[in-house]
Amino acid sequence: MRIATWNINGVKAREGALKQFLKEHQPDILCLQEIKTVDEGFPAAEIEGLGYNVATHGQKSWNGVAILSKMPADEITRGLPGDDTDEQSRLIEGVFSVEGGAIRVCNIYLPNGNPVDSEKFPYKLRWMERLIAFVEERLEFEEPFILLGDFNLIPAPIDAHDPDAWWGDALFRPESLEKFRALANLGLTDALRAVTDEPAYTFWDFQAGAWRRNAGIRIDHLMLSPQAADRLENVTVHKDVRGWDKPSDHVPVEGEFTF
DNA sequence: ATGCCAGGGATACCCTGA
């Protein structure tokens, strides 16, 4: 089974690219972030026409996440617990039956957190604390659990073309990375780093010729419970997608599993 | 220190992203 994540940066602007990717690669599950629409605005009929089930957790203008899957989900959960006042749509989780059991796929769009002297940075850190509590509970199930999406976190200097340029940024601040390590230390494996020690970027800014200069960062991740990590075969970063017409600034990252 | 570019929504010399 192949499970992918892609920050699509607006599903309405990217409908053509989304269809092309689904047709070319046929992932079993594709998790989207930044759909930037309410549920009713998602082109569900078109995607269902390609053989996918669609579950969305949308929001007007910003954020919004979705899970596309060839098999229907047994269960869908929307929203991150822990703060009833948080209205941002940044988490959707699906449970899927596989041979011999079930897998749980949790799709997140973790807050960016910039600028760090604004409310956005403490919101990011609090969101990560809520995520850690949520994942801790999920791991108690001791089942294949895949936490994937746009983490807005650069895990290590190797994950940036120019790490010095990111010093002080919310994506690379010590406070942010400390929480990322706390999350990983619950027992999650960074899938990409389980298969390669080489740089592999997933985001290139639209600005300043970042793509042309390969000035990228790795911020889209698949984090695996032990039961999922045991079944990991390979990870593919679909870098070519960044070169398509009217691309998103992120590219799809796909994990291949034996279930 | 700022804008670079892009999408959204309603058309704003505006907001957000990373």
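Naming: A, B, ... by sequence-line order, numbering from 1 per chain.
With its glycosidic angle within 90° of 0, dC13(B) is assigned syn.
Heavy-atom distances under 4.0 Å link DNA chain B to no residue of residues 83-92 of chain A.
As judged by a 4.0 angstrom heavy-atom cut-off over every strand, N152(A) is placed among residues touching the sugar-phosphate backbone only. Counting non-hydrogen atoms under 4.0 angstrom, N63(A) reaches nothing in the nucleic acid. Within the nucleic acid shown, F172(A) has no heavy atom closer than 4.0 Å to any nucleic acid atom.
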Take nucleotides 5-16 of chain B nucleotide by nucleotide from the 5' end and write B, S or -, depending on whether a protein heavy atom sits under 4.0 Å from the base, only from the sugar-phosphate, or from neither. BSBSS------S
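Residues passing the ring-ring contact (aromatic ring centres under 6.0 Å, His included) test with F203(A), sequence neighbours excluded: H250(A).
No side-chain heavy atom of V65(A) sits under 4.5 Å from any side-chain heavy atom of L91(A). At least one side-chain heavy atom of I108(A) sits under 4.5 Å from a side-chain heavy atom of L131(A). Residues K36(A) and N63(A) fail the side-chain proximity criterion, which asks for heavy atoms closer than 4.5 Å.
With values rounded to the nearest 0.5 angstrom, E93(A) atom CD is found 9.0 Å from L147(A) atom CG. Between R104(A) atom CZ and Q227(A) atom CD the span is 12.0 Å, to the nearest 0.5 Å.
Between D205(A) and R213(A), none of the side-chain N atoms (NZ, or NE/NH1/NH2) sits under 4.0 Å from a carboxylate O, so this pair counts as no salt bridge.
F121(A) belongs to a hydrophobic cluster with V116(A), L125(A), counting contacts under 4.5 Å between side-chain heavy atoms of Ile, Leu, Val, Met, Phe, Trp and Tyr, direct or through other members.
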Review item, side-chain donor-acceptor pairs of residues 37-47 of chain A, under 3.5 Å, at least two apart:
from: D39(A); atom 1: OD1; to: T56(A); atom 2: OG1; distance (Å): 2.8
from: D39(A); atom 1: OD1; to: G58(A); atom 2: N; distance (Å): 2.7

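For dT11(B) and dA1(B), the C1' atoms lie 30 Å apart once the distance is rounded to whole Å. dG8(B) and dT2(B) have their C1' atoms separated by 23 Å, with the value rounded to a whole Å. Taking atom C1' on both nucleotides, dC4(B) is separated from dG9(B) by 23 Å, rounded to a whole Å. Only the P atoms considered, dA12(B) is 23 Å distant from dC5(B), to the nearest whole Å. Here, dG3(B) and dC13(B) have their P atoms 16 Å apart, quoted to the whole Å.
Atom CD1 of I154(A) is separated from atom C1' of dA18(B) by 9 Å (rounded to the nearest Å). Taking atom CH2 on W204(A) and atom C1' on dG17(B), their separation rounds to 17 Å, with Å as the unit. Rounded to whole Å, the distance from CD1 on I219(A) to P on dG17(B) is 13 Å. Distance Q33(A) CD to dG17(B) P: 15 Å, rounded to the nearest Å.
A cation-pi arrangement is found for R90(A) relative to Y109(A), the charged atom lying closer than 6.0 Å to the ring centre and inside a 45° cone about the ring normal.
Under 3.5 Å, the side chains of E256(A) and N234(A) contain no donor-acceptor pair of N or O atoms.
Look at N112(A) and you'll find a side-chain N or O under 4.0 angstrom from OP1 or OP2 of dA18(B).
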Would you sketch DNA chain B in dot-bracket for me? Only Watson-Crick or G-U wobble pairs with both distances under 3.5 Å count, crossing pairs as [ ], other-strand pairs as |, the rest as dots. ....((((.....)))).
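Taking the six-membered ring where tryptophan is involved, the planes of F21(A) and W244(A) are tilted, since the angle between them lies from 30° to 60°.
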